[in-house]
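Working notes, beginning with the structure itself.
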There are 2 protein chains.
Amino acid sequence: MSLTGKRRSGSDGQLARTSGPGRTGADRAPATIGRVAEAAGVSRATVSRVMNGSPTVAPELAARVRAAAEAMNYQPSPVARSLALGRTSTVSLIVPDLANPMFQDVLRGLSQAAGTYGHRLLVAESNENVAEEAILAVEARRRSDGLVLASSRVPEAELHALSERLAPLVLLNRELPGTSVPSLSVDYAAGINAIVGHLRGLGHRHLTYLAGPVASTSDRDRRAALRASCATDTDCVLSELDCGSTFDDGHAAARAVVDTGATAVVAFNDMVAFGALSGLHELGLAVPRDISVTGFDDIPFARYTNPPLTTASIPRNELGRQAWERLWALLNGGPAGHNVRFQPRLLVRESTGPAPTRN
Amino acid sequence: MSLTGKRRSGSDGQLARTSGPGRTGADRAPATIGRVAEAAGVSRATVSRVMNGSPTVAPELAARVRAAAEAMNYQPSPVARSLALGRTSTVSLIVPDLANPMFQDVLRGLSQAAGTYGHRLLVAESNENVAEEAILAVEARRRSDGLVLASSRVPEAELHALSERLAPLVLLNRELPGTSVPSLSVDYAAGINAIVGHLRGLGHRHLTYLAGPVASTSDRDRRAALRASCATDTDCVLSELDCGSTFDDGHAAARAVVDTGATAVVAFNDMVAFGALSGLHELGLAVPRDISVTGFDDIPFARYTNPPLTTASIPRNELGRQAWERLWALLNGGPAGHNVRFQPRLLVRESTGPAPTRN
DNA sequence: TTGAAAGCGCTAACAG
DNA sequence: CTGTTAGCGCTTTCAA
């Protein structure tokens, strides 16, 4: 029974016609509001009222309806309700990359928060593809009541143009100046400043930045903050090494790091830091005696490496939860509240120490 | 303008009425098929045909329609289409716990595969709550065309009863005997057997199992396999320690592990193994000289710990992808193909070695 | 308190 | 090739 094409197929499909003569032997007709009404001997309006808990239904009728519904295992069709109500009780999340722990946590936070309010979550991954992201966003938005766009790569002008169609919309790690689109972000610059301050305080004059993926806006933020931070000091030297975002990237960069002669390395994220830690170790350097290493993110592992990693923690779940709150406010026609920038918290552990005194 | 309640509210809501006299100043009426038809001077049917690429439309008309649609930024409403077509182009995934890397990868694999076929993904988390899981599943299924249930905790009888309403349904890490519901799972027992075989081959006679969460069926599988595996040998001693699934759980168990006197520890998963590694190290034991440690899952980190972890790898992404393939087959009325059990692959690294010779 | 009827936006037989 | 018409399943006025 391979039903191809899009013909409305007898009682094979999901929705069978109201009264087809060719019903399958068993009377497994789909439970619709009409059938329940019929069974209970009332109108569809009444069934609707009962299902929605309207108090203006005679107890006796209500009971009859409930019994019929129960017997037929009836549940109102969410799709039909959505059409009639003009809302889906669903929100969408678009992320660039589902493999990124950051987005996984956002997803979780958002899903849980939305669930609490009886809403479902539609997820889509843009694969870092800008063109596709815009399409996806529009489509996802239409299937739902609101949208959360995480680390959108869509150019400002385009996003601006789209923002009306996407509303209610909440932006994560991305701001849209000149609009009222709420935005929640991590203040990477502040995190970097904290890290640099910590390192400078330990006497480090020469830092090497292990840069993340070129397309990454969070890398751009960090890099810019690093440059600015160093530029304010006259005796601060900054080396930048293109690296990446994985353990292997960090590992591979160890040699180059040593060649820069820096006494401290600021890694794009924790994974890169771990890789560097490992590579440096293999090269016979002791951390933090010979060289200090910092990460970024505070992934769960960071406290367990050897040595435990000094890093900046960011509230990943919180982003998701708060995104929901903003969205919920918007869905109810209220103001979304002020934008926020989460300040990373510097966690000083054992991978950083005083700068070695050169001879 | 806080619109509360569920009244159909003028032009404020998502869907404005077709021709309200009180339209907001700007003519931002929502683009519907009707309005496009009107603008293009054709019938709605024609617009529908054009939007769906029907070849039986006069080029001239088609162009006019496309122009009008373009001008109004018209996109057919997915919700309305879903109702009319009886399909949503969406599938749902229910997982017990979004924080679990296993499910994150399944989610990713499924999302990507479904996306390739133009389908969206609805996710919901059951929070290990059996009652809620069943409700969620039914609801999610109704919002979509098919369902993937990962590591369902729903009792067999109940799941059996539900299976018709949930179809098309694909089960992950769970089988439903007596039905044709396709199931994809990881053969934990085989993985355990491989690990035990490896350990026994190295001369270990006394193993300690660091058990996972009690509610976990995958723990049950592993434990059972372990017992069975040891029971076949006369000189095999197995100690079982309730532990958990996190690094800290493993870490906390180190002392107890030593007390069992075992020469090898089989951890519930990699995280627990890492914790044990760390705890054992602090107690002054050398791995693998004094004691061997194995994990399970082969999370990305496993190769980078000190020492690198011997573990069993499982194809997490693949589960998601294949789940989609099964579902897709089902959606097209075909057979879903044979069930499969992915065999974990034993990765021997440096956390295991010959059993120390006792004196 | 209840039912009839219109409508949400779209698709698909059926005629022409 | 195009329009008319009748739904998809549900909600919600409006009248009774």
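Hydrogens, waters and symmetry mates play no part in the numbers below; they use all other heavy atoms, side chains included. A note on names: the letters A, B, ... follow the listed sequences, proteins ahead of strands, and every chain is numbered from 1.
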query = Checking all strands, does Val42(A) fall into the base, sugar-phosphate, or nothing category for heavy-atom contacts under 4.0 angstrom?
reply = sugar-phosphate
request  = Under the salt bridge (Lys or Arg N to Asp or Glu O under 4.0 Å) rule, collect the residues that match up with Arg64(A), sequence neighbours excluded.
outcome  = Glu60(A)
ask   = Taking only residues at least two apart or on different chains, which pairs with a member in residues 48-96 of chain A satisfy ring pair (Phe, Tyr, Trp, His ring centres under 6.0 Å)?
value = none
query = Could you give the CD-to-P distance, from Glu38(A) to dC10(D), as a whole number of Å?
reply = 14 Å
key: Separation of dG9(D) P from Met72(A) CE (nearest whole Å)   = 12 Å
Gln75(A): side-chain hydrogen bond (donor to acceptor under 3.5 Å, both in side chains) partners, not counting sequence neighbours = none
query = For Ile33(B) and dT4(D), what is the distance between atoms CD1 and P respectively, to the nearest whole Å?
reply = 14 Å
task = Nearest whole angstrom, please: distance from the C1' of dG9(C) to the CG of Asn52(B).
result = 13 Å
query = Of all the nucleotides listed (dC10(D), dG3(D), dC10(C)), which has the minimum atom distance to the side chain of Pro76(A)?
reply = dC10(D)
key: side-chain hydrogen bond (donor to acceptor under 3.5 Å, both in side chains) partners of Ser126(B), counting only residues at least two apart   = none
inquiry  = Quick check on dT11(D): is either OP1 or OP2 less than 4.0 Å from any side-chain nitrogen or oxygen of Ser48(A)?
reply    = yes
ask   = Among the nucleotides dT12(D), dG3(D), dG9(D), which one has an atom lying closest to any side-chain atom of Ser77(A)?
value = dG9(D)
query = Heavy-atom contacts under 4.0 Å between residues 57-69 of chain A and DNA chain D, which residues?
reply = none
inquiry  = Please report the end-to-end axis angle for the helix from dT1(C)-dA16(D) to dG16(C)-dC1(D), five pairs per end, rounded to 10 degrees.
reply    = 40°
query = Arg165(A): what forms a side-chain hydrogen bond (donor to acceptor under 3.5 Å, both in side chains) with it, not counting sequence neighbours?
reply = Asn73(B)
query = Can you name the residues that form a side-chain hydrogen bond (donor to acceptor under 3.5 Å, both in side chains) with Ser43(A), not counting sequence neighbours?
reply = Thr46(A)
request  = Taking only the side-chain heavy atoms of Leu83(B) (C-beta and beyond), determine which of dA6(D), dT11(D), dG9(C) contains the nearest atom.
outcome  = dG9(C)
Closest to side chain of Ala45(A), choosing from dT12(D), dC10(C), dC10(D) = dT12(D)
remark   = Which of dG3(C), dC10(D), dC10(C) is nearest the side chain of Arg44(A)? It is dC10(D)
ask   = Do NZ/NE/NH1/NH2 and the carboxylate oxygens of Arg120(A) and Glu139(B) come within less than 4.0 Å?
value = yes
ask   = Do you know the tightest heavy-atom contact between Asn339(A) and Pro182(A)?
value = OD1-CA, 3.4 Å
Only distances under 3.5 Å count here; give the side-chain donor-acceptor pairs of residues 110-117 of chain B to other protein atoms, sequence neighbours excluded, each with its distance to 0.1 Å.
unit_1, atom_1, unit_2, atom_2, d
Gln112(B), NE2, Glu125(A), OE1, 2.9
Gln112(B), NE2, Glu125(A), OE2, 3.2
Thr116(B), OG1, Gln112(B), O, 3.0

Length of the CZ-C1' vector between Arg35(B) and dC8(C), whole Å = 16 Å
query = What residues, two or more places apart in sequence or in another chain, satisfy side-chain contact (heavy atoms from CB on, under 4.5 Å) together with Thr32(B)?
reply = Arg35(B)
ask   = With sequence neighbours excluded, what pairs up with Arg153(A) under the side-chain contact (heavy atoms from CB on, under 4.5 Å) test?
value = Pro96(A), Glu128(A), Val130(A), Glu133(A), Ser151(A)
task = Report the distance from atom CG of Leu85(B) to atom C1' of dG9(D), rounded to the nearest whole Å.
result = 14 Å
note = Side-chain contact check for Thr56(A): nearest option of dT1(C), dG9(D), dG3(D) is dT1(C)
inquiry  = Please determine whether a side-chain nitrogen or oxygen atom of Thr46(B) lies at a distance below 4.0 Å from atom OP1 or OP2 of dG3(D).
reply    = yes
ask   = For Val47(B), which contact category applies under a 4.0 Å heavy-atom criterion: base, sugar-phosphate, or nothing?
value = nothing
task = Could you pull out the closest heavy-atom pair between Ala31(A) and Met72(A), with the gap in Å?
result = CB-O, 3.7 Å
Between the protein and nucleotides 14-16 of chain D, list the N/O to N/O atom pairs that are separated by less than 3.5 angstrom.
none

